[in-house]
Amino acid sequence: MIRRLFYMSLGAFLTVWTMRKLQSLRPDHVARRTADRAVSLTDQLRDFAGEVRRLSASRENELRAEFGLETVDGSTTSKNSIYDVKDGR
């Protein structure tokens, strides 16, 4: 009796699990999941590109300040040192 109840419960569980998996493969479900993942990926790429732009502008300003050049925003640095390859400054 217990054995029959176990196998009947196992069969019901596997049937429900299989039906849910098959429903998740319907074209409208697959399309919705794909669209959601594409939107998420686009947002991540947009955030990454913004971070790259911000960091590259920051580094460019650092380099311009180090070499006494005009910065990106138009202000000039007052450092009067000359870059010398031998000194590494």
Side-chain angles (χ1 to χ4, degrees):
M1 177 79 173
I2 299 290
R3 178 182 272 178
R4 287 182 186 172
L5 184 61
F6 170 75
Y7 283 116
M8 195 162 87
S9 300
L10 181 64
F13 170 76
L14 290 175
T15 301
V16 170
W17 181 79
T18 303
M19 291 302 291
R20 289 183 54 96
K21 288 295 180 181
L22 288 174
Q23 283 180 350
S24 71
L25 294 175
R26 288 182 22 203
D28 57 334
H29 290 257
V30 172
R32 186 179 65 238
R33 280 196 319 262
T34 303
D36 290 344
R37 288 180 184 161
V39 168
S40 174
L41 181 63
T42 303
D43 290 341
Q44 289 175 355
L45 287 173
R46 187 177 298 125
D47 292 342
F48 175 72
E51 185 75 11
V52 167
R53 277 190 233 107
R54 185 183 65 78
L55 291 175
S56 65
S58 172
R59 180 64 179 149
E60 184 174 353
N61 281 335
E62 288 174 12
L63 290 172
R64 288 180 178 273
E66 183 178 332
F67 295 120
L69 301 173
E70 188 175 292
T71 59
V72 175
D73 61 2
S75 64
T76 56
T77 58
S78 61
K79 189 174 181 181
N80 291 328
S81 66
I82 298 174
Y83 181 75
D84 190 3
V85 176
K86 294 182 282 185
D87 292 339
R89 296 185 294 147

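The analysis underlying the following values was restricted to heavy atoms, covering all of them including side chains, and did not include hydrogens, waters or symmetry mates.
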Rounding to 0.5 Å, atoms CZ (R64) and CD (E62) come to a distance of 13.0 Å
Separation of N61 CG from L69 CG (nearest 0.5 Å) | 11.0 Å
Kindly list each side-chain donor-acceptor pair under 3.5 angstrom involving residues 9-19, sequence neighbours excluded, with atom names and distances?
{"unit_1": "S9", "atom_1": "OG", "unit_2": "L5", "atom_2": "O", "d": "2.9"}
{"unit_1": "T15", "atom_1": "OG1", "unit_2": "G11", "atom_2": "O", "d": "2.7"}
{"unit_1": "T18", "atom_1": "OG1", "unit_2": "L14", "atom_2": "O", "d": "2.7"}

For the pair Q44 and D47, evaluate side-chain contact (heavy atoms from CB on, under 4.5 Å) and give the outcome as yes or no after the intermediate values.
-> CA-CA 5 Å; Q44 289 175 355; D47 292 342; 5.6 Å; no
Salt bridge (Lys or Arg N to Asp or Glu O under 4.0 Å) between D43 and R46, worked out = CA-CA 5 Å; D43 290 341; R46 187 177 298 125; 3.2 Å; yes
So, the side chain of T42 versus the backbone of A38: is there a donor-acceptor pair under 3.5 Å, distance only?
-> yes
